[in-house]
S.K.: 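Starting off with a structure, shown below.
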Amino acid sequence: QLQFVESGGGLVQPGGSLRLSCAASGFTLDYFAIGWFRQEPGKARERVACIPYGDSSTYYADSVKGRFTISRDNAKNTVDLQMNSLKPEDTAVYYCARSPACSAYDINYDYWGQGTQVTVSS
């Protein structure tokens, strides 16, 4: 059974850091592009980062460039999102998903995790 599980969310103060992890079962993450998305209540889902198959390059939303880093750990079959210098506007539910190639559009991703809540607040 194909499954994604996100972990690592929580409550953090502005300026703090969190590391999210996306673990896969039933398939090998390394064969796919993996995107991290986030969604606030009442808003559309937004892609924040993506790492393609082969890791030739990575993609980041302008709002997170220089603060977030996406990476793979093939030994663990995970894709992590290191989030530094967090801001209140980063508060959202974060999801990982897979696609044949990095795309900004969530319709191009077929399997999704259940999401993990990130709250940035003092």
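Count residues from 1 along the sequence.
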S.K.: I'd like to know if Asp62 pairs up with Lys65 as an ion pair, taking the criterion as any Lys NZ or Arg NE/NH1/NH2 lying under 4.0 Å from an Asp or Glu carboxylate oxygen.
M.R.: yes

S.K.: Can you tell me if Leu2 has over 12 outside heavy atoms packed within less than 6.0 Å of its CG?
M.R.: yes

S.K.: What closest approach, in Å, do Leu29 and Cys22 show between heavy atoms, and which atom pair accounts for it?
M.R.: CD1-O, 3.7 Å

S.K.: Could you grab the distance from atom OG1 of Thr116 to atom CG of Leu18, nearest 0.5 Å is fine?
M.R.: 8.5 Å

S.K.: Would you check if the distance from the ring center of Phe27 to the ring center of Phe4 is below 6.0 Å?
M.R.: yes

S.K.: Find the distance between SG (Cys96) and CD (Gln114) and round it off to the nearest 0.5 Å.
M.R.: 8.0 Å

S.K.: Any chain of hydrophobic side-chain contacts (each under 4.5 Å) joining Tyr95 to Val118?
M.R.: no

S.K.: Working to the nearest 0.5 Å, report the span between OH of Tyr59 and CD1 of Ile51.
M.R.: 11.0 Å

S.K.: Just verifying a value: how many Å separate Gln13 CD and Leu86 CG, rounded to the nearest 0.5 Å?
M.R.: 11.5 Å

S.K.: Considering all heavy atoms of both residues, which atom of Ser121 and which atom of Pro14 are nearest to each other, and what is their separation?
M.R.: C-CD, 3.6 Å

S.K.: Quick check against the 3.5 Å criterion: does Asn77 have a side-chain atom that pairs as donor or acceptor with the backbone of Ser25?
M.R.: no

S.K.: Looking at side-chain heavy atoms only, is the closest gap between Asp90 and Met83 below 4.5 Å?
M.R.: no

S.K.: So if you build clusters from Ile, Leu, Val, Met, Phe, Trp, Tyr with side-chain heavy-atom gaps below 4.5 Å, do Val48 and Val120 land together?
M.R.: yes

S.K.: Kindly indicate, with the supporting measurements, whether the criterion side-chain contact (heavy atoms from CB on, under 4.5 Å) is fulfilled by Ser17 and Val12.
M.R.: CA-CA 7 Å; Ser17 297; Val12 64; over 6 Å; no

S.K.: Counting C-beta onward and ignoring hydrogens, is there a side-chain heavy-atom pair between Leu81 and Arg38 closer than 4.5 Å?
M.R.: no

S.K.: Determine whether the aromatic ring centres of residues Phe37 and Trp112 are separated by less than 6.0 angstrom.
M.R.: yes

S.K.: Evaluate Gln82 against Asp80 for side-chain hydrogen bond (donor to acceptor under 3.5 Å, both in side chains), listing each step before the verdict.
M.R.: CA-CA 6 Å; Gln82 178 67 42; Asp80 293 346; over 6 Å; no

S.K.: State, to 0.1 Å, how close Tyr109 and Cys50 come at their nearest heavy-atom pair, and which atoms those are.
M.R.: OH-SG, 3.6 Å

S.K.: Has Thr28 got a side-chain atom pairing as donor or acceptor with Asp30's backbone, closer than 3.5 angstrom?
M.R.: no

S.K.: When rounded to the nearest 0.5 angstrom, what is the spacing between OG in Ser7 and OH in Tyr94?
M.R.: 15.0 Å

S.K.: Measure from the side-chain N and O atoms of Ser99 to the backbone N and O of Asn108, and report whether any donor-acceptor pair falls under 3.5 Å.
M.R.: yes

S.K.: Do Ile70 and Tyr60 come close enough that some side-chain heavy atom pair is under 4.5 Å?
M.R.: yes

S.K.: Does some side-chain heavy atom of Thr91 sit less than 4.5 Å from a side-chain heavy atom of Gln117?
M.R.: yes

S.K.: Does any part of the side chain of Glu89, heavy atoms only, come nearer than 4.5 Å to the side chain of Ser63, both counted from C-beta?
M.R.: no

S.K.: Nearest heavy-atom pair of Trp36 and Leu20: which atoms, and what distance?
M.R.: CH2-CB, 3.6 Å

S.K.: Is the shortest heavy-atom distance from the side chain of Arg19 to the side chain of Ser71 under 4.5 Å?
M.R.: yes

S.K.: Identify the two heavy atoms, one from Ala33 and one from Ala101, that lie closest to each other, and give their separation to 0.1 Å.
M.R.: CB-C, 3.5 Å

S.K.: Please report the shortest heavy-atom distance between Glu46 and Ala61, naming the atom on each side.
M.R.: OE2-CB, 4.1 Å

S.K.: Should Asp106 and Arg47 count as an ion pair when the cut-off is N to O under 4.0 Å?
M.R.: no

S.K.: Say you draw a straight line from CZ of Arg98 to OH of Tyr53; how long is it, rounded to the nearest 0.5 Å?
M.R.: 14.0 Å

